[in-house]
Structure formats: structure tokens, C-alpha cells
Amino acid sequence: MKQLRVLVIMHPDLIPPDSTEGYQEQQINEWKTEYDVVSTLRAAGHDVRPLGVHDELKPIRDEIEGWKPDVVFTLLEQFHGEVIYDQNVGSYLELMRVPYTGCNPRGLMLARGKDLSKTLVHYHRIPVPAFAVFPIGRKVRRPRRLGLPLIVKSVIEDGSWGISQASVVDTDEKLAERVAFIHERIGTAAIAEQYIEGREIYVGVLGNERLRVLPLWELRFANLAQGSWPIATEKVKHDTNYQERRGILHGPAEDLAPEVRARIRQMARRIYRTLELDGYARIDFRLSADGIPYFLEANPNPEIAESQEFATAARHDGIPYSDLLHRIVTLGIRRATGTVSGD
Ligand SMILES: Nc1ncnc2c1ncn2[C@@H]1O[C@H](COP(=O)(O)OP(=O)(O)O)[C@@H](O)[C@H]1O
Ligand SMILES: [Mg+2]
């Protein structure tokens, strides 16, 4: 691949140092994705410039006009501190006609809402957990069709923000409490979903027109405290000590019937297309004990630190990390130029 000018946009606090030496593991974890992307692209010979973006578009514009990057690598997940503005940054890059990595703004919007995305996917006869949305200021009444237990989440936030053991509720009283928690502490509408007991399966998908589906990946909870729900809480996702203590591991999903495996892969493709995703995304499922895969959510632009699920699954499938980043960059450039690129 020829040498490229790559502008990597990210939160200003996450601009990585040149080396991880002298930092604690927890500190490194904060900017690991940014560090991995910047250092790997540099090691591959590209001219890489990290740019911190918080609440101004002008620095992006100045770089695009002054430095003329070949591609913008988007690691930015918010603007003005709002996660739902990530699609607007994508729109801005689109309007600037600069190639950028990851998902287009329409896909970001369709995948964002945990209610809208499920409604669209359900239309294609893919099983989704039954759910109800509770807007701020509305009284909480559980619809009859929804049995307990339920899991209560923000309808738009991600990264498991607001998700803890208390999110799974088995009484109407706890349901009302947890909905109030989401309204007050997270500040968004809440969604209560049927709690699906079962295995947690992730499927990475890479591509614009032609898609490459990565091996099914499983999040395992080997050593949970007695009575804990096996769910990906904030701690499970971000606390490395907790991960070690509780045996939180991810790896290839084993012992799946071939037809279940094929069905999940087919569903992942269909969901990717239904939600108009491109670039790269991770589609999450819960596989119930009776073998039914339920769609949980789609994550366009999932985290891609080298050790995380997406990149590990890619490596397992014969795509080393630097190749993965090149593919992501190429997909961004080809979308902008209208050329088809496959796996
Ligand atoms: N309907 C559900 N049934 C069982 N577990 C769920 C359900 N919804 C979410 N979870 C658990 O909570 C985690 C976070 O939920 P998710 O909807 O993916 O939110 P986020 O966008 O914050 O990642 C999931 O990875 C899963 O472990
Ligand atoms: Mg999730």
C-alpha cells in the first residue's frame, strides 16, 4: 500500500503518547485503541497525525484544507460530549468530501437507537427480545406482554453506560426504580427488554458492498459471584482487575451446531444491510438455551484495540492487525471514490 497521510480524529484526552513505557495498565487502557491505531499505521510507513476534537469543527477543516489527508481515521465517539453527535461528524466529513473510515452517518443513526434498530431488524423476521420504551416524564407501567425478568438500559447510550447488576429487574418495583435511574442519571429514555438467558455471541463484519463475516466470538463469564447475572456491565467491559478476578474472557465460540453458526452469520449480514452499515461493525447476539439467536445491538465503528474482540476475531481469521487497519482505511477510500472493495 502506498504511503498515506492519515488524520486520526479522537477525543483530546485520548491522544496517545509515543510509547506505553512508564504507564500503568489501567492508564494505558484509556487510550489503548488510539495508541494501537496510530502506532500501527506509523509502523506501516504512513504519515499519521492525531487530532483531538471536542466541540469545534474548525480544527478538522484546517487540517483537511492545509494538510490534505488522504483519509480521516475516525476514532471520535462524541462531540460536545454527546454520543449521538458522532453521526454529525460523519456527515461533516462527507460534506467536506474527504474519505473517512468506519460507518456512514445514516447507518450510525439507524443502529443507534436500541428500539429503532430492533424494530427494523424484527421486520426481517430476525428474533429480537420483546421490549418497551419509557420516555422521561411518563409513568412506568409494564405492558402485559412483557414478563420478568427484564433488563433496563438507556435507549441510546453505549459502552454499557448505566449497566450494572441492578439493571436486571425481577419485580415491578425494581423496574420503576431502574427506569428512574436511567432518566435521572443518564438523562435519556429507558428501554426495558426481555432478559435473554444464554451465551453472548459477537460477530464482526467488514465491508461496504461485499462483506466479510469474522468468526463467531463469545464473551465468557467463568467466575462470576454467586447470583450475578452474566451480562457485559461497565466493569466487565472496562475494569481489567475485575476481568481477571471474574474470569471474563473472549474467544472463538465453540461447540455450536453448524446450522446455528450458519444462521447467526447469515443474520449478521442481513442486519448489517438492513441498518445500512458500512466500513466495519460488530453485531451482538444472545443465544438462548433452546438455540435461538436474539439480536441485541449493532455497533458500527466498534472498538478496535488490538486485544479487543473485533481485532482478535480478525486475527483468528487470518487478518493480522496492521492488515485489518489497512482494510478499514481502504474501505473508507473506496467508498469515497465509488469503487467496490471486497474482502
Ligand atoms: N435483552 C437482553 N438479554 C440479556 N442480556 C442483555 C440484554 N440486553 C443487554 N444485555 C447485556 O447487557 C450488555 C450491554 O447491553 P447493550 O444493549 O449491548 O448496551 P451497550 O450499547 O451499552 O453495549 C450486553 O452485552 C449483554 O451482556
Ligand atoms: Mg453492547
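Atoms considered below: every heavy atom in the structure, side chains included; atoms not considered: hydrogens, waters and symmetry mates.
- In this structure, the side chain of Arg335 engages the main chain of Tyr100 through a donor-acceptor pair within 3.5 Å.
- Counting only residues at least two apart or in different chains, salt bridge (charged side-chain N to carboxylate O under 4.0 Å, His left out) contacts with residues 240-264 are absent.
- Between Gln165 and Ser228 there is a side-chain heavy-atom pair separated by less than 4.5 Å.
- For Phe134, the ring pair (Phe, Tyr, Trp, His ring centres under 6.0 Å) test picks out no residue, with sequence neighbours left out.
- At least one side-chain heavy atom of Thr20 sits less than 4.5 Å from a side-chain heavy atom of Trp31.
- Of all heavy-atom pairs between Gln26 and His238, the closest is OE1-O, 4.0 Å.
- Here Asp323 does not pair with Arg327 in a salt bridge; the nearest charged N to carboxylate O distance is not below 4.0 Å.
- No donor-acceptor distance shorter than 3.5 angstrom exists from the side chain of Tyr85 to the backbone of Asp55, with no hydrogens or angles considered.
- Distance alone, capped at 3.5 Å, places no donor-acceptor pair between the Arg112 side chain and the Gln87 backbone.
- Side-chain contact between Phe295 and Pro127: absent, with no pair of heavy atoms (C-beta onward) separated by less than 4.5 Å.
- Looking only at distances, no side-chain donor or acceptor of Glu25 sits under 3.5 Å from a matching main-chain atom of Thr240.
- With rounding to the nearest 0.5 Å, the separation of CG in Leu41 from OH in Tyr321 is 8.0 Å.
- Listed by chain and number, the residues in a ring pair (Phe, Tyr, Trp, His ring centres under 6.0 Å) with Trp229 are Tyr195 (sequence neighbours excluded).
- At distances below 3.5 Å, not a single donor-acceptor pair connects side-chain atoms of Asp86 with backbone N or O atoms of Leu76.
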Throw together a table of side-chain donor-acceptor distances under 3.5 angstrom for residues 307-315, partners on residues two or more places apart or in other chains.
{"residue": "Gln308", "atom": "OE1", "partner": "Ala305", "partner atom": "N", "Å": "3.0"}
{"residue": "Thr312", "atom": "OG1", "partner": "Ser307", "partner atom": "O", "Å": "3.3"}
{"residue": "Thr312", "atom": "OG1", "partner": "Gln308", "partner atom": "O", "Å": "2.5"}

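- Only one option out of Ile15, Leu75, Asp13, Val8 pairs with Glu34 in a side chain to side chain contact (heavy atoms under 4.5 Å, CB included); it is Leu75.
- A donor-acceptor contact shorter than 3.5 Å links the side chain of Thr233 to the backbone of Val236.
- Here the side chain of Arg265 pairs a donor or acceptor atom with the backbone of Val213 at under 3.5 angstrom.
- Between Arg220 and Glu218 a salt bridge is recorded (basic side-chain N to carboxylate O distance below 4.0 Å).
- Using a distance-only test at 3.5 Å, with no hydrogens or angles considered, a donor-acceptor pair links the side chain of Lys118 to the main chain of Lys114.
- What you find for Asn104 and Glu276 is that their closest heavy atoms are ND2-O, 2.9 Å.
- The number of heavy atoms from other shown groups lying within 6.0 Å of CZ (Arg42) is above 12.
- With respect to the salt-bridge test (charged N to carboxylate O, under 4.0 angstrom), the residues Glu200 and Arg286 qualify.
- Listed for the Ser322 side chain is no donor-acceptor partner under 3.5 Å among the backbone atoms of Thr40.
- When atom types are taken as modelled, the side chain of Asn208 and the backbone of Asp278 share no donor-acceptor pair closer than 3.5 angstrom.
- Put simply, the side chain of Lys153 reaches to within 4.5 Å of the side chain of Ile151, judged on heavy atoms.
- For Asp284, the side chain to side chain contact (heavy atoms under 4.5 Å, CB included) partners two or more places apart in sequence, or in a different chain, are Tyr202, Arg282, Leu296, Glu297, Asn299.
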Without placing hydrogens or testing angles, list every side-chain donor-acceptor pair under 3.5 Å for residues 43-50, not counting sequence neighbours.
{"residue": "His46", "atom": "ND1", "partner": "Leu4", "partner atom": "N", "Å": "3.0"}
{"residue": "His46", "atom": "NE2", "partner": "His326", "partner atom": "NE2", "Å": "2.8"}
{"residue": "Arg49", "atom": "NH1", "partner": "Glu63", "partner atom": "OE1", "Å": "2.8"}

